Amino acid sequence: MRIPLALLLPGLAAALALSVTLAVTIGPVNLSMLTVWNIAWAKLSGSTGMWSAAEENIVWMLRLPRVLLAALVGGGLAVVGVAMQAVVRNPLADPYVLGVSSGASVGAVLVLGGGWLGFLGIYAVSAGAFAGAVVSFVLVFLIAVAGGRLWPLRLVLAGMACGYSLSGLTSLIVLTSENRELARTAMEWMLGSLGGTAWSDLGLPAAVLVMGTGYLALSGRKLNALLVGDETAATLGVDVGRLRLRLFIVLSLLTGVMVAVSGAIGFVGLVIPHVVRMLVGTDHRRVLPVAALLGGVFLIWVDVAARMSFAPIELPVGVITALLGGPFFIWMLATQRWRSKDTA
Amino acid sequence: MSQLIVDGVSVEIEGRRLVDQVLLDVAPGQFVGLVGPNGSGKSSLLRAIYRVLKPSAGRIVHLGDEVWKVSARQAARRMAVVAQERMGEFDFTVDEIVMMGRTPHKRLLDTDTAADHELVERCLGQVAMRHCAGRLFQSLSGGEKQRVLVARALAQQPEFLVLDEPTNHLDIRHQLELLELIGRLGTTTLAALHDLNLAARYCDRLAMLCEGRLVAAGTPAEVLTAERISAVYGVEATVGEANGLLRIDFRLKQQ
Amino acid sequence: MKLTLWLGAALLSMAPAIALAQATVYPLTIQNGDNTLVFNKAPERAVTLNGHVTELMLSLGLAPKMVGTAYLNHPILDSLKAEYDAIPILSDGTGSPSLEVVLATGADFTFGRLSAYRDTAVAPVEKLKELGINAYAVKGTLIKGATMDDVYEDIANIGQIFDIQPAAGALIERIRGEIGAVEATIARAGKPPVKVLVYDSGEDAIYTTGKALETQLIALAGGVNVFADLDETWSNVSWEEAVARAPEVIVINDYGQTSAADKIALLKHDPALASMPAIQNDRFVVLPLPSAFEGVRNPDAVRTLAAGFYPELFE
């Protein structure tokens, strides 16, 4: 059954706005909804009110940027997942299929353990992760393109090969490091976390997400053709080689930025695209905007669970996505006719 | 004035010559059939024409332009293809598949217009698949899929159709209907066909390939002689006439 | 305890010879590793992020200034229990509280081990600074080869920060005195240092300490850590290497799920270790781990170790 886009898009946009406003009222510290909204409103309108500096900091400096980052990262990962599945024409692809999370981990671990990029202060880990992601993308690209064209299967295999090698490198660095905290910090980083988000962390992911999703949505027709097959796409007027190269660059940038700000949060980029296709079909012009919104809503609530389930201690959000994502996916497989004979 | 000129085209893959210096003309409005045994280079020649296999020698000129020198988009607005690519794991509905035919006509910000939807419906009607518009492509039978792909090619509103074994998987009625339809459209068509009787019946002209080389070109009666079929296919053939149509029968050669 | 401390502090503050007793002049700048902290006044709302830090602050009589404690993974000292129980507990012994919980206390100062200031624990010190919180880290967790001098430095810094130099000075003198008494006893006996292996945990390899405070505590108690030359604070070393260094005594770090008795049994039943003098002579010292952390329990650690190394001197 398909839901008309005219209902679904405004519905999801409203759900996203509602999720943001509700999620900021939830946290290990009990604050009334009214206080939270008053603080947010006062901050937006420049007025003041009767609350403590601590409450203001919690709402404005901790919760709101974090919830917004969850929405951005969730949306971004879902969009990248959709497009990546088209680029490599494989339903098992996720944003990390090209080995990017392993590359980012190497970068992050070098920073965490070796103190590289120390001059960047608290942004050093993000910068290291981004650099690692870009390096792994370039490696994958060079290996895949050595065969002439960017064939989907070559891309996946190159991604897997780089992923294994880079994971090995991460383990090597962690195990031979003098820093005995590194194994734990590295694991926590790799599981992904949205903790410690500041307003200044939001600009880059927001810009990249808007531009990336915009480009992908405008390429929706071409993505559709690509999903059918390279040859078909070519006969439909798509310059397949050039399109795949451009998509590769856009997706690298998107994934690199998302991984840098949040670590490698799994499952969102795999599950949300399939859920969205079950809702609206395969046409990318519908799938992409719906995935961006649904991914945002999904990760906001997963992050709430990460903050709350063992409060006052926080879990890495990737733990929850994995715990929820697996069974959820199984449930979807069991209840939906995966490849139904009819849409009726 | 020919619409398509294939001028001394060769295609090689990994050192093997699949198409060997083929010369071929297709005049406007003609339905030209490409015949020959398996592995004779029919598909490779078509793939060179629709820009998937780059020729190692020769030129392919369509409507005055070398096809390998125009943009993919421009080429796709002139030429539509029904090939034999297996679709992957992802499924589209039938009308979405046909709508893809509009891709080369769309710019970045263009949306699907009412006219596009009408065209999609009309094209589905032409292949008698309008009742299946909302169904998933993968849920169709082989013949139904083939007809939908033809509808997609029609939605490209091309000046030239390239068909690679379009009657594969079709039952007899649908084979006849499809070829009848293509003849009726009047669009210039080049189609690889393996059924010689059907080729003789529907094509204006035939070109026969054997081991990558063009061995004959002309009207069906000129091309399909018993001696040539015997030499190219390695079977004994008798060519007769029934109801004003060529009729070819085959049997294995006696040792 | 608190009363005597304050009494001692009051007495000491009257003695003009004690330089520490000068009142703090704000703004005060304190260097803590790479982190420079600036205090415009004494903190009013302090949060401690580890058990031994909590005990240290309480011992300095700072309970009235404390608005939260966290991550106490051992029972609190009896003498501090009443005050401890009156302060909100932000997280139990299993982890660090989230930043939000710390912020909600209205904290203006935090004190904890470096690990509490990880991105995934509370927050990095820079982030806390942005939020108006001066975050102080235990010096021994910032460096390799920590000694009691680093503990004294922390105490003196806290004294300055809270303008309680007399109490800080008194606490330092008390700890120095208690450890000094043990040292003197051993020095009188004039024996060569005992070779000591620290067994923290591990089965495939020994998790032991090199350049951390425990190595100096062992030295103060008249021993020498056979792995004092390790370039790391804590690390795995092979069994083979441990046997080769022929320790005379094994110190068992006692904490967590595996009891000291189980650890000793494991070591005794390993045939590969049978040649080790410590195993042959059944010489084990059980050290409660909290006393090896920078703080008021360090004299207990030195006493326990010394009594284990030289039972005849400490009966």
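Predicted, not measured: the structure shown is a model, and the values here were computed from it. Residue numbering restarts at 1 for every chain, and letters A, B, ... go by the order of the sequence lines.
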Which bit of [X] is near chain A, if near means a heavy-atom gap under 4.5 Å: side chain, backbone, both or neither?
X: B/Thr111; value: backbone
X: B/Arg152; value: side chain
X: B/Ala83; value: side chain

In terms of heavy-atom pairs under 4.5 Å with chain A, which of [options] leads?
options: B/Arg73, B/Met100, B/His105; result: B/Met100
options: B/Met99, B/Arg47, B/Arg102, B/Arg51; result: B/Arg47
options: B/Ile97, B/Leu108, B/Val82; result: B/Leu108
options: B/Val162, B/Asp112, B/Leu149, B/Leu109; result: B/Asp112

Choice from A/Asn224, A/Leu236, A/Val228 maximising heavy atom contacts with chain B below 4.5 Å: A/Leu236
Largest heavy-atom contact set with chain B, pairs under 4.5 Å, which of A/Val238, A/Thr232, A/Val240: A/Thr232
Donor-acceptor pair between B/His62 and B/Arg78 side chains, under 3.5 angstrom: no
B/Gln157 versus B/Arg77, side-chain donor and acceptor atoms under 3.5 Å: no
A/Leu227: partners by side-chain contact (heavy atoms from CB on, under 4.5 Å), with sequence neighbours left out: A/Ala86, A/Arg89, A/Thr282, A/His284, B/Phe90, B/Phe92
side-chain contact (heavy atoms from CB on, under 4.5 Å) between A/Leu98 and A/Phe248, intermediate numbers included: CA-CA 10 Å; A/Leu98 299 183; A/Phe248 187 88; 3.7 Å; yes
A/Leu299 vs A/Thr321, side-chain contact (heavy atoms from CB on, under 4.5 Å): CA-CA, chis, key distance, verdict: CA-CA 8 Å; A/Leu299 201 59; A/Thr321 55; 3.9 Å; yes
Interchain contact, A/Arg285 with chain B, by part (heavy-atom threshold 4.5 Å): side chain
Positive for side-chain hydrogen bond (donor to acceptor under 3.5 Å, both in side chains) with B/Thr188, one of B/Gln3, B/Gln30, B/Glu159: B/Gln3
side-chain contact (heavy atoms from CB on, under 4.5 Å) evaluation trace for A/Leu223 with A/Leu288: CA-CA 11 Å; A/Leu223 285 170; A/Leu288 285 165; 4.0 Å; yes
